[in-house]
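Shown next, in structure tokens, is the structure this report addresses.
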2 protein chains.
Amino acid sequence: MKYSVSKENHLKAIFHLQQEQGLVTTNALAAALRTRPASVTDMLKKLKEQKLLIYERYKGFKLNTEGRKAAVQVIRKHRLWEYFLVKKLQFGWDEVHDIAEELEHISSRALIDRLDAFLGHPETDPHGDPIPDSQGRLQVRRQTCLADLPLNKTVQVSGVASQTPEMMEVLQHNHIRLGTRLEIKKKFPFDDSLEIKVRNRPPVTLSARVAKNVLVTYDESLTERR
Amino acid sequence: MKYSVSKENHLKAIFHLQQEQGLVTTNALAAALRTRPASVTDMLKKLKEQKLLIYERYKGFKLNTEGRKAAVQVIRKHRLWEYFLVKKLQFGWDEVHDIAEELEHISSRALIDRLDAFLGHPETDPHGDPIPDSQGRLQVRRQTCLADLPLNKTVQVSGVASQTPEMMEVLQHNHIRLGTRLEIKKKFPFDDSLEIKVRNRPPVTLSARVAKNVLVTYDESLTERR
DNA sequence: CTTCAATTTTAGATTTGTCTAAAATTAATT
DNA sequence: AATTAATTTTAGACAAATCTAAAATTGAAG
């Protein structure tokens, strides 16, 4: 099944929103897509017609199985293209989002499967977000922000929530990149800042603001792999 | 300047048509784009408004400098993507057109320049058509069809005009591929068929129909390069 | 349990790209 | 040169995706 660019964007945004909240609201989706609530309502009607979501007037909405499948395919494409842009075309971590936003709507299934193979079936995109496999299975990983973590637990940086250039600057400066392993050595309740330790580096302090935006994974594979 | 997908398709098609004929006609463009003459007229008005072509009612039209620039950029993208698909993703020569047709509308300039570098600044696409450089310069090559060639002139296969699967089958079978060097050994006026010779192979006969569709280059670089 | 504010939906308009059917223009033929 | 045929353009309609402004619904607070 092929959907318009706008529909794919709606599906993707709904998918992301319903990860956090269960039901998604019209206003929230309008904000995420930088469009108007009225436009969202229009689109919801069409998506409901096409049986891609569960929606009751005034109540909120969420994707059904079909809609989730479609959304995950778009996300798969987005993340594979991001990986390609960074690993093959040498783009910076922070430059690729807008381009991938366009590439994710290229429809060919054969293209994306071959791209996946060409890239060596990567598991996560350059921001550390998991890439759904060709069956649409999306790996679930225990992901929290650095701020919510106990002391002395080794974790791996897997993403950055709000990627402003200013934010990226801080991370760059402290040698924190995707995949960096680190642990929290001390918490300062005064301002909720943290002292963290990266292997082979002196400890550094991060503000609560920064810690909230750094996402980390701490699943078992960490002790196993690499 | 950024143009809609439909506008880019019109510009590209006009460019190709005006290579052959000087002025392009409404019907010809409608046929090339598989749309209706009335729709073409509508679009021509918009493209004229935007100062991309020279157009007088009922008379015909062609691109001006600005329009040509825009068209060449689309062609550059199309051919670079085709090269990528064949050389990196292992697609067949004949499978890539439709996918490139979508990819050519991705807008990022940085993307296409990096892709070009990643591919090693290729000079021709997998069909043998020259790829415009980043300045939009399009290499002019003396290209004719096999049918119009004198005897005993060594030429290089550079493209296929009408790429039907049936046509490709004939070429495959006779070991004629892009870059293949060959010469005409004999012409049969009875049916305009040709006997040709590829190095290290027995001579084969091609019908006039096939010969008309095989494009070859015969510039000096042939004796020089490789 | 009303009333008011926020949210959501409807109604109606706009833009872009397309279409069909009819009219205008050009070209071709007798 | 006049009539017919082909080409091209206009006129008017439609679908998709958006918007604004107004109406409907919900839910929160007195």
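Lettering of chains follows the sequences in order, A, B, ..., and the numbering in each one begins at 1. All values derive from a computational prediction rather than experimental measurement.
- If you check C/dT8, D/dT18, D/dT10 against the side chain of A/S39, the one that comes closest is D/dT18.
- Regarding contacts with the backbone of D/dA6, every side-chain N or O of B/N27 stays at 4.0 angstrom or more from both OP1 and OP2.
- Computed from coordinates, the B/K46 NZ to D/dT9 C1' distance equals 15 Å when rounded to whole Å.
- The backbone N or O of A/F15 sits nowhere less than 3.5 Å from a side-chain atom of A/Q18 that would complete a donor-acceptor pair.
- Between the P atom of D/dT18 and the CG atom of A/L29 lies a distance of 11 Å, rounded to the nearest Å.
- Judged by distance alone, the side chain of B/N174 and the main-chain N or O of B/V170 form a donor-acceptor pair under 3.5 Å.
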- [ ] Could you give me the CA-CA distance, side-chain angles and deciding distance for B/H97 and B/H78, then say whether ring pair (Phe, Tyr, Trp, His ring centres under 6.0 Å) is met?
- [x] CA-CA 8 Å; B/H97 189 268; B/H78 183 100; 4.9 Å; yes
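- Between the P atom of C/dT26 and the CZ atom of B/F61 lies a distance of 16 Å, rounded to the nearest Å.
- Checking the phosphate oxygens (OP1, OP2) of C/dT7, no side-chain nitrogen or oxygen of A/T25 falls inside 4.0 Å.
- Contacts of A/K59 with the nucleic acid, taken as non-hydrogen atoms under 4.0 Å apart, are absent.
- Looking at which nucleotide of DNA chain D each of B/V40 and A/S4 is closest to, the 5′-most match is held by B/V40.
- Under the 4.0 Å criterion applied to side-chain N and carboxylate O atoms, A/R76 and A/D113 are assigned as salt-bridge partners.
- The B/R57 side chain lies nearest to D/dT9 when the options are D/dT20, D/dT18, D/dT9.
- A sub-4.0 Å separation between OP1 or OP2 of C/dT10 and a side-chain N or O of A/T41 is absent.
- Across all strands shown, A/T26 has heavy atoms under 4.0 Å from sugar-phosphate atoms exclusively, and none from any base.
- Geometrically, B/K88 engages B/F118 in a cation-pi contact defined by less than 6.0 Å to the ring centre and at most 45° from the axis.
- Going from atom CZ of B/R36 over to atom C1' of D/dA11 covers 18 Å, rounded to whole Å.
- Using a cutoff of 4.0 Å between basic side-chain nitrogens and carboxylate oxygens, A/K12 and A/E101 are scored as salt-bridged.
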- [ ] Start with the C-alpha distance between B/F91 and B/F84, add both sets of side-chain angles, then the distance that settles ring pair (Phe, Tyr, Trp, His ring centres under 6.0 Å), and finish with yes or no.
- [x] CA-CA 9 Å; B/F91 275 99; B/F84 169 74; 9.1 Å; no
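- Summarising the geometry, the separation between CZ on A/R34 and P on D/dC19 is reported as 12 Å, rounded to the nearest angstrom.
- The nearest whole Å value for the distance from the CG atom in B/L23 to the P atom in D/dT8 is 11 Å.
- In terms of modelled atom types and a separation under 3.5 Å, the side chain of A/T35 and the main chain of A/A31 share no donor-acceptor contact.
- The nucleotide whose nearest atom lies closest to any side-chain atom of A/T35 is, among D/dA24, D/dT18, D/dT20, D/dT18.
- Separating the CG atom of B/L47 from the C1' atom of C/dT16 is a distance of 13 Å, rounded to the nearest angstrom.
- Nucleic acid contact class of A/Y55 (heavy atoms, under 4.0 Å, all strands): sugar-phosphate only.
- Positionally, the nearest nucleotide of DNA chain D for B/V24 lies more toward the 5' end than for the other of B/V24 and A/A38.
- Between B/L33 atom CG and C/dC19 atom C1' there is a gap of 15 Å when expressed in whole angstrom units.
- Of the residues in residues 5-20 of chain A, those with a non-hydrogen atom less than 4.0 angstrom from any atom of DNA chain D are A/S6, A/K7, A/H10.
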